[in-house]
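Here's the structure we're looking at; comments come further down.
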Amino acid sequence: QVQLVESGGGLVQAGGSLRLSCAASGRTFNRFQMGWFRQAPGKGREFVAAVNWNGGSTLYADSVKGRFTISRDNAKNTVYLQMNSLKPEDTAVYYCASRDYRADYPSRVGYDYWGQGTQVTVSS
């Protein structure tokens, strides 16, 4: 069993920045791929970003490429999502997820465990 706890969400003006954190516990964190997803009101959950087990490879949705950065600190069992140049359309609940698969390249699918989510609201 893996427990994931997100933090760092909040209200920010358009153009601002936030950093989300996701603390993992329960199993060997450095074996996991980690991902961030989001769900806006009335929409389905969508992929945002992912990082492989050692942080050496990342993957982003086109909508956030160049503005968001995913990273991880295996010593702290934590994955981060730095969000810059935020837009109102980034407003959503952001979820952290883990995939027990130690591959060189991260994936958009196949995640096993999910956090409870943290709200990000971007005002115009």
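Along the sequence shown, residues carry numbers from 1.
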Side-chain polar contacts of residues 52-59 - donor-acceptor pairs under 3.5 angstrom, sequence neighbours left out - could you list them?
{"from": "Asn52", "atom 1": "OD1", "to": "Gly55", "atom 2": "N", "distance (Å)": "3.1"}
{"from": "Asn52", "atom 1": "OD1", "to": "Gly56", "atom 2": "N", "distance (Å)": "2.9"}
{"from": "Asn52", "atom 1": "OD1", "to": "Ser57", "atom 2": "N", "distance (Å)": "3.0"}
{"from": "Asn52", "atom 1": "ND2", "to": "Asn54", "atom 2": "OD1", "distance (Å)": "2.9"}
{"from": "Asn52", "atom 1": "ND2", "to": "Asp104", "atom 2": "O", "distance (Å)": "2.9"}
{"from": "Asn54", "atom 1": "OD1", "to": "Gly56", "atom 2": "N", "distance (Å)": "2.9"}

Quick check: closest heavy atoms across [X] and [Y], and the distance to 0.1 Å?
X: Ser107; Y: Arg99; result: CB-NH1, 3.3 Å
X: Arg72; Y: Asn30; result: NH2-CA, 4.1 Å
X: Ser124; Y: Pro88; result: CB-CG, 3.8 Å
X: Met34; Y: Phe29; result: SD-CE1, 3.7 Å
X: Leu81; Y: Val48; result: CD2-CG1, 4.2 Å

Common cluster, [X]/[Y], ILVMFWY with side-chain heavy-atom separation under 4.5 Å:
X: Val12; Y: Val64; value: yes
X: Tyr80; Y: Leu4; value: no
X: Val51; Y: Trp114; value: no

Is it the case that the side chains of [Y] and [X] hold a donor-acceptor pair, with the cut-off being a distance below 3.5 Å and no angle test?
X: Thr91; Y: Glu89; answer: no
X: Ser25; Y: Gln3; answer: yes
X: Asn84; Y: Ser17; answer: yes

Handout entry: Whether Thr118 side chain and Gly9 backbone form a donor-acceptor pair below 3.5 Å
Key =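 Yes, Thr118 side chain to Gly9 backbone: donor-acceptor pair under 3.5 Å.
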Side chains of [X] and [Y]: closer than 4.5 Å at any heavy-atom pair?
X: Gln116; Y: Glu6; value: yes
X: Ser98; Y: Gln33; value: no
X: Gln82; Y: Ser71; value: no
X: Asp90; Y: Met83; value: no
X: Tyr111; Y: Phe37; value: yes
X: Asp112; Y: Val2; value: no
X: Ile70; Y: Val79; value: yes
X: Arg38; Y: Val120; value: no

Problem - Plane angle bin for Phe68 and Tyr94 - parallel if under 30°, tilted between 30 and 60°, otherwise perpendicular - result: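 If you compare the ring of Tyr94 with that of Phe68, the planes turn out tilted.
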Handout entry: Distance, nearest 0.5 Å, that separates OH of Tyr60 from NZ of Lys65
Key =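 If we round to the nearest 0.5 Å, Tyr60:OH and Lys65:NZ are 10.0 Å apart.
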Handout entry: Straight-line distance of Thr78 OG1 to Leu20 CG, nearest 0.5 Å
Key =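 Interatomic distance, Thr78 OG1 to Leu20 CG, rounded to 0.5 Å: 12.5 Å.
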Problem - Axial cation check for Tyr95 ring with Arg45, 6.0 Å and 45° limits - result: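 Because its charged atom sits under 6.0 Å from the ring centre and within 45° of the axis, Arg45 does stack over Tyr95.
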Exercise for the section: Would you check, one step at a time, whether the test side chain to side chain contact (heavy atoms under 4.5 Å, CB included) holds for Trp36 with Cys96? Expected result: CA-CA 5 Å; Trp36 287 97; Cys96 171; 4.0 Å; yes
